[in-house]
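This report concerns only the one structure given below.
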Amino acid sequence: MKQAGGAFAPDPVPAAAWAIPAASIVLGSMLTIVPMVATFPVLPPLGLMILLAWRLLRPETVRAWTPIPFGFFDDLISGQPLGSAILLWTLSIVIIDLLDQRLMSRDFWQDWVLASGAIAFCLSIGRLIATPLAAHVDTLLLFQVIAAVLLYPFVARLVAWLDRKRGRA
């Protein structure tokens, strides 16, 4: 039986090729609901960080439209105003794609700068959306951005490890 599209039809994508990136992003977003005792709530946005790591490491696994369902899920889980992560995550991916077209080549340091800028953008605009301007949360937001920027190499390493597991599946 011939496939539609003939000999040049793409091979069917195994389930692990899309399930591992999707599950890792969802699990990263779900870590915000794990009860933790903390003096300062500076948990970085792990769902966003994993999404950015997948996009920067393997752009073909995370399409330009994928921040929409993942952002919706993150908004539902985190309690942020509905649509804020959808908008901010999508803008981050689009801006990274535009900058990626301008760069001739990229290395890890440039990926780290791109991800850090996207994380800082999402956290700062999300603060403006979710809290009143009179709220004194700017210092905690700065600590959260610093924690996320310092944690990004570990998240990128985790995504690279998951990508190797995905390749074997």
Side-chain angles (χ1 to χ4, degrees), residues 20-59 61-62 64-100 106-166:
I20 290 176
S24 64
I25 295 167
V26 167
L27 288 174
S29 290
M30 289 179 66
L31 280 179
T32 59
I33 63 171
V34 174
M36 288 185 236
V37 177
T39 307
F40 299 108
V42 292
L43 183 68
L46 290 172
L48 171 64
M49 292 171 65
I50 294 171
L51 174 77
L52 291 171
W54 275 111
R55 184 63 181 179
L56 291 170
L57 181 67
R58 294 278 181 236
T61 59
V62 178
W65 57 266
T66 54
I68 295 170
F70 291 129
F72 180 71
F73 180 77
D74 189 75
D75 283 338
L76 290 176
I77 292 293
S78 68
Q80 292 291 322
L82 195 60
S84 62
I86 296 170
L87 173 68
L88 296 175
W89 291 18
T90 305
L91 284 176
S92 294
I93 294 295
V94 168
I95 290 169
I96 285 175
D97 283 347
L98 290 175
L99 291 173
D100 199 22
R106 253 189 10 238
D107 62 354
F108 175 73
W109 298 103
Q110 290 170 329
D111 285 352
W112 196 357
V113 168
L114 287 172
S116 299
I119 291 165
F121 168 75
C122 288
L123 286 174
S124 58
I125 301 299
R127 179 256 190 259
L128 294 175
I129 292 172
T131 60
L133 288 176
H136 299 288
V137 295
D138 296 328
T139 306
L140 288 176
L141 180 70
L142 179 65
F143 286 139
Q144 189 176 18
V145 169
I146 290 170
V149 167
L150 293 176
L151 188 64
Y152 179 76
F154 299 109
V155 171
R157 189 84 170 150
L158 171 71
V159 167
W161 180 76
L162 288 173
D163 187 45
R164 283 194 307 275
K165 295 290 182 191
R166 180 180 72 101

With Leu142, which of Thr139, Leu140, Ile146 fulfils side-chain contact (heavy atoms from CB on, under 4.5 Å)? Ile146
Counterpart residues, side chain to side chain donor-acceptor pair (under 3.5 Å), relative to Ser124 (two or more places apart): none
Considering non-hydrogen atoms only, spot the tightest contact between Gly28 and Ile50 and give its length. CA-CD1, 3.8 Å
Can you name the closest pair of heavy atoms from Val42 and Ala147 and give their distance? O-CB, 4.1 Å
Qualifying salt bridge (Lys or Arg N to Asp or Glu O under 4.0 Å) pairs, either residue in residues 33-59, two or more places apart: Arg55-Asp97, Arg58-Asp163
Return yes when atom CZ of Phe154 has more than 12 non-hydrogen atoms of other residues, nucleotides or ligands closer than 6.0 Å, and no otherwise. no
Starting at CG of Leu57, measure out to CZ of Arg157 and round the result to the nearest 0.5 Å. 11.0 Å
Could you give the distance from CG (Leu51) to CD1 (Ile25), rounded to the nearest 0.5 Å? 4.5 Å
When rounded to the nearest 0.5 angstrom, what is the spacing between CD1 in Ile20 and OG1 in Thr61? 11.0 Å
Does the side chain of Leu52 reach to within under 4.5 Å of the side chain of Ile93, using non-hydrogen atoms? yes
Would you check if Leu56 and Tyr152 make a side-chain contact, meaning some heavy-atom pair closer than 4.5 Å? yes
All side chain to side chain donor-acceptor pair (under 3.5 Å) counterparts of Ser24, not counting sequence neighbours: Trp54
Closest non-hydrogen atom pair, Pro132 against Arg127: O-NH1, 3.1 Å
Any side-chain heavy atom of Leu48 sitting closer than 4.5 Å to one from Asp74? no
Quick check for you: to the nearest 0.5 Å, what is the distance between Ile68 atom CD1 and Leu87 atom CG? 10.0 Å
Can you name the nearest heavy-atom pair linking Gly71 to Ala85, along with the distance? O-CB, 3.5 Å
Reported CE-to-OG distance for the pair Met49 and Ser116, which is rounded to 0.5 angstrom: 8.5 Å
Quick check: do Thr90 and Trp65 have side-chain heavy atoms less than 4.5 Å from each other? no
Decide yes or no for Ile129 and Gln80: does some side-chain heavy atom of the first lie under 4.5 Å from some side-chain heavy atom of the second? no
Going by heavy atoms in the side chains, are Phe70 and Ser29 under 4.5 Å from each other? no
Out of curiosity, Ser84 OG to Phe72 CZ, how far, rounded to the nearest 0.5 Å? 11.5 Å
Compare every heavy atom of Leu114 with every heavy atom of Ile96, then report the nearest pair and how far apart it is. CD1-O, 4.3 Å
Okay, side chain of Asp111, backbone of Ala53: is any donor-acceptor separation there less than 3.5 Å? no
Scanning both residues in full, the closest heavy-atom pair of Trp112 with Pro153 reads CZ2-CG, 3.4 Å
